[in-house]
Student: 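Okay, here's the structure, questions in a sec.
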Amino acid sequence: MERQSLIITSDFSGDLRSSIQTIAPDRLFVLVDDHTAQYCWPRLEEALKALVGEFPPATLISIASSDEAKTLDTLASVWTALSQGGATRKSLLINLGGGMVTDLGGFAASTFKRGIAFINIPTTLLAMVDASVGGKTGINFCGLKNEIGVFNNASTVIIDTQFLRTLDHENLLSGYAEMLKHGLIYSDVELKCLLRFDLEEVDYVELAEMVARSVAVKQRIVLEDPLEHGLRKALNLGHTAGHAFESLAMAEGRTVLHGYAVAWGLVCELYLSATRCGFPTERLHQVRQFVAANYGHFAFTCKEYDRLYELMTHDKKNTAGHINFTLLGAVGDIRINQAASKDDIFEMLDFYRES
Ligand code: GLY
């Protein structure tokens, strides 16, 4: 995989110009969803207008904004728009949006004519600290999240935290769960800072600094292990249980945002970390309280344990016959490939429901 350049910008227009210049495209396409078309495209459009004459005019491609639209049909609509717009191997796709846009757009670009260049401009907190960085692209398939996709880096990821000012509270919380995860796998100091931060009265200056530190945690890990053979599995903390909650919710028509499911999954997997790897129970309860106060609780009954277990068997980290978790021995002490039995998993679900 080619190396990805990551810019946390305070000069959006200037950084955009240099990023496009590096690629020197023959045609320019911008992928938006119906939300970013309204709230974020005007900012990018203005920046592109300042570059008129230097680059070809942009063709806008718009898709629906929900995770349910992360499908083969939507992907085909992007390929069709690229094809009808005359895209060639030298064209560039700019993905402007949250994780759905950067994942699907990245996959569309990676497969169109066997691969064209793309730039990610994440507009949600989730996409800034996680989805847009590290080359995971793809779509949902057969009821499973991100089941089809490829690893392929964007040429550049441009993070402009000004976009966060128009983000709604739920989506802010959704991204913040991935920041909590980064704090947990990185350092106690960072975790304490995250648990202290007031998500009701957001200090955007402090948040921007925390985003920079959070994305640096991810960047370091993906540079060391881009294809998730080892260390990158650390980034799946909270996701084995979290994805199962998310898939169950989707199947039952009570859609939850990804980060909420991750936050609930973190509580579950820190419990497993405590019982199996000695993770400090004081930290477990601090995180549990923070998650309950900000994200509420995912309701399910013991009748759904088998279904949740079955969903966990589809996790991409599994090896034949084992559900593998990423756990922690302490904050920053990562233990990958921790196999858990069905009994362990049911006990974890009991803990979550009772806590
Ligand atoms: N979202 C986890 C990863 O990028 O590996």
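Ligands are counted one by one from 1 in listed order, and the atoms in each one are counted from 1 as well. The first residue of the sequence shown is numbered 1, and numbering continues consecutively from there.
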Student: Among all protein heavy atoms, pick the one closest to atom 3 (C) of ligand 1 and tell me residue, atom and distance.
Tutor: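 Result for atom 3 (C) of ligand 1: Lys136 NZ, 3.3 Å.
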Student: So for ligand 1, is His239 a polar contact partner (N or O within less than 3.5 Å, distance only)?
Tutor: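 Not met; the criterion fails.
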Student: Can you give me the closest heavy-atom contact between Ser132 and Ala127, atom names plus distance?
Tutor: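 That closest heavy-atom pairing would be OG-O, 2.7 Å.
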Student: Please check if the number of heavy atoms outside Glu46 that lie under 6.0 Å from its CD is greater than 12.
Tutor: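 For Glu46, atom CD is not crowded (no more than 12 foreign heavy atoms under 6.0 Å).
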Student: Pick, from Lys218, Arg232, Lys233, His258, the option with the minimum heavy-atom distance to atom 5 (O) of ligand 1.
Tutor: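 It is Arg232 whose heavy atom sits nearest to atom 5 (O) of ligand 1.
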Student: Going by the order shown, which atoms of ligand 1 are within less than 4.0 Å of some heavy atom of Glu228?
Tutor: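 Within the 4.0 Å cut-off of Glu228, ligand 1 contributes 5 (O).
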Student: Please determine, by modelled atom types, if Thr74 and Thr71 share a side-chain donor-acceptor pair under 3.5 angstrom.
Tutor: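 Indeed, the side chains of Thr74 and Thr71 share at least one donor-acceptor pair under 3.5 Å.
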Student: Locate the shortest heavy-atom distance separating Leu184 from Leu266; write the atom from each residue and the value.
Tutor: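 Answer, listing the atom of Leu184 first, then Leu266: CD1-CD2, 4.1 Å.
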Student: Identify, for atom 1 (N) of ligand 1, the protein heavy atom at the shortest distance, and state residue, atom and that distance.
Tutor: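 In this structure, atom 1 (N) of ligand 1 has Asp130 OD1, 2.9 Å as its nearest protein heavy atom.
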Student: Counting only heavy atoms closer than 4.0 Å, does ligand 1 sit against the backbone of Glu178, its side chain, both, or neither?
Tutor: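 Answer for Glu178: neither.
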Student: Would you say Tyr186 has more than 12 foreign heavy atoms packed within less than 6.0 Å of its OH?
Tutor: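 Not buried by this count: 12 neighbours or fewer within 6.0 Å.
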